[in-house]
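Atoms within a ligand are numbered from 1 in the order they appear, just like the ligands themselves. All of these numbers come straight from a predicted model, not from anything done at the bench.
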Amino acid sequence: MIITEKINIQRTKHSRLSEVDFNNLTFGSIISDHMVVSDYNNGEWGASSIMPFGNISISPTMLALHYGQVVFEGMKAFKMKDGSISIFRIEKHYERFCKSMERMCIPAMSYEQFDEALKALIELDSAWVPGSEGASLYIRPFVFASEERFGVKVADEYKFIIFTGPVGPYYANPLKVKVEGKYRRAAHGGTGSAKCAGNYGGAFYPLQLARKEGFDQVLWTDATDDLYIEESGTMNVFFIIDNVIITPPLSDSILDGVTRDSFITLAKGMGYKVEERKIGANELVHSFQKNIFQEAFGTGTAAVVAPIQTINIAGKDYNLPKVSDNSVSMKIKQQLLNIRIGTAPDKNNWNTIIKL
Ligand SMILES: Cc1ncc(COP(=O)(O)O)c(C=O)c1O
């Protein structure tokens, strides 16, 4: 039993659980019954409370709305084969949350507070964790400057919230992506490696243009040389060329994806050769021409492992072989899923298990 006396819990009187069609889960529209809330005032984080999910009241002068001090995380919990719930890699998500907060001048919250509130919320809303394959409970911790005033400044007050929602697959089909030729997502020295809200808002315009051209996503290139692939939308990106799994190295312009890290660990453990190195669009073209390009895919909490079917480089479409259960990316994805649901050993202690 994780629910603790340290957290004040106000249970909903009107659960919305019976309204949810768990056989038709879309991504991002269904929210579970409760949320965690904590406020930062007078130099410290106050105790967490759990309350029914609902609207919050904010002032038009709230600093986050004007100057963008907003940081978030995206995590998942899974229903295991024995009926328990596993939460995936809490510590790694917490570390990234702290790094993002530091970059955005937001005061850190202790691991104990984050971990305890998260586990209590998942336990309370455990009935919302879907059990069907490919479905999971998406968890959204976030923090924003809640201070009310309009001068440009680092805020002195913040609000931390965690809400969750059951989700199905993020992408239904293999993706068509284009190497973005004009716009850049992140520059060295900027905020690209922080999971801060502005990075996403800034990426919408080029994404919208790409969607109009029929693409699902863009592959961002670096802002210094305009040559090297960095990542894609809400995913890190991988290529398999001549039997080597290649992914761009982490930098201050790439998000340190938890799925990326997990995928690399599993791939190495399964005997695949993995290289974290710079890879340019030119190298992709050459490997297509030499017929040694095997797979391309994105990794992310939402999408898990999303195969790429077509890459457009400088206006030309390059088509990849169809993915099958035998594709390397799909075998590693299955291994990741098996660990999460408890049908493969969790050798790296990634799961936090809540026994019900
Ligand atoms: C910009 C960006 N890159 C990569 C990722 C993948 O990270 P993760 O695997 O931790 O979800 C995400 C999603 O969080 C993202 O928003």
Side-chain angles (χ1 to χ4, degrees), residues 27-28 70-78 87-101 103-104 114 118 136-143 162 164-165 167 169-171 175 177 180 183-188 190-207 210 216-223 228-239 245 247-267 276 296-308 329 332-333 335-337 339-340 348 350-351:
F27 197 99
V70 184
V71 156
F72 67 101
E73 264 307 315
M75 312 173 56
K76 274 184 175 171
F78 299 84
I87 309 175
F88 193 65
R89 302 198 68 174
I90 300 180
E91 250 180 86
K92 177 104 179 125
H93 281 285
Y94 168 79
E95 277 167 20
R96 186 173 67 187
F97 194 46
C98 290
K99 273 193 201 148
S100 304
M101 286 162 81
R103 181 64 181 80
M104 299 304 291
F114 181 89
L118 173 62
S136 55
L137 188 78
Y138 188 84
I139 306 168
R140 170 54 56 86
F142 69 111
V143 59
I162 313 177
T164 72
V167 294
Y170 194 63
Y171 292 117
L175 305 177
V177 301
E180 175 55 47
Y183 299 95
R184 305 288 165 251
R185 173 185 174 272
H188 284 308
T191 58
S193 61
K195 206 163 162 59
C196 59
N199 286 346
Y200 298 82
F204 284 161
Y205 182 67
L207 180 60
D216 300 295
Q217 268 298 344
V218 299
L219 292 183
W220 299 110
T221 57
D222 75 287
Y228 300 105
I229 307 290
E230 299 236 293
E231 58 180 315
S232 173
T234 58
M235 300 185 297
N236 295 106
V237 66
F238 288 75
F239 307 100
I245 302 176
T247 192
L250 293 177
S251 72
D252 63 359
S253 57
I254 293 182
L255 195 78
D256 178 1
V258 177
T259 322
R260 174 189 182 279
D261 181 78
S262 311
F263 192 94
I264 292 172
T265 305
L266 293 182
E276 293 179 63
F297 49 93
T299 63
T301 297
V304 191
V305 176
I308 294 172
S329 52
I332 300 172
K333 178 185 180 182
Q335 179 66 4
L336 180 60
L337 178 71
I339 292 168
R340 289 162 157 179
N348 300 288
W350 286 338
N351 294 333

Quick one: list whatever passes side-chain contact (heavy atoms from CB on, under 4.5 Å) with Val70, sequence neighbours left out.
Ala64, Phe144, Ala197

With only distance considered, is Glu231 within less than 3.5 Å of ligand 1 through an N or O on each side?
yes

Which segment of Thr299 sits under 4.0 Å of ligand 1 when only heavy atoms are counted:
backbone

Under 4.0 Å from a heavy atom of Thr301: give me the atoms of ligand 1 that qualify, with their elements.
8 (P), 9 (O), 10 (O), 11 (O)

With atoms numbered from 1 as shown, which atoms in ligand 1 lie under 4.0 angstrom from a non-hydrogen atom of Val258?
8 (P), 9 (O), 10 (O)

Between Tyr200 and ligand 1, does any nitrogen or oxygen pair lie at a separation below 3.5 Å?
yes

Rounding to 0.5 Å, atoms CD1 (Ile308) and CZ (Phe238) come to a distance of 11.0 Å

Return yes or no for this condition: an N or O of Ala302 is under 3.5 Å from an N or O of ligand 1.
no

For Gly300, atoms of ligand 1 separated by under 4.0 Å from a heavy atom:
6 (C), 9 (O), 11 (O)

Going by the atom numbers of ligand 1, which of them fall below 4.0 Å from some non-hydrogen atom of Gly233?
1 (C), 2 (C)

Please walk me through it: do Ser253 and Asp222 pass side-chain hydrogen bond (donor to acceptor under 3.5 Å, both in side chains)?
CA-CA 8 Å; Ser253 57; Asp222 75 287; over 6 Å; no

Looking at ligand 1, does any of its N/O atoms fall within less than 3.5 Å of an N/O of Arg260?
no

Which ligand 1 atoms are under 4.0 Å away from a heavy-atom of Arg96?
7 (O), 8 (P), 10 (O)

Step through it carefully: locate the ring centre of Phe72, locate the ring centre of Tyr200, and say whether they are under 6.0 Å apart.
yes

Just say parallel, tilted or perpendicular for the rings of Trp350 and Phe88, cut-offs at 30° and 60°.
perpendicular

Within the 4.0 Å heavy-atom cut-off, what Thr259 brings close to ligand 1 is both

Counting from 1 in the order shown, the ligand 1 atoms closer than 4.0 Å to a non-hydrogen atom of Gly257 are 7 (O), 8 (P), 9 (O), 10 (O)

Are any side-chain N or O atoms of Arg140 and backbone N or O atoms of Ile162, one a donor and one an acceptor, separated by less than 3.5 Å?
no

Using the test side-chain contact (heavy atoms from CB on, under 4.5 Å), find all partners of Ser136 that sit at least two apart in sequence or belong to another chain.
Lys76, Phe78, Val167

What protein heavy atom sits nearest atom 5 (C) of ligand 1, and how far off is it?
Thr234 O, 3.3 Å

Atom 14 (O) of ligand 1: which protein heavy atom is closest, and how many Å away?
Lys195 NZ, 2.7 Å

I want to know if ligand 1 touches Arg185 in the polar sense, i.e. an N/O pair below 3.5 angstrom.
no

Has Asn199 got a side-chain atom pairing as donor or acceptor with Arg185's backbone, closer than 3.5 angstrom?
no

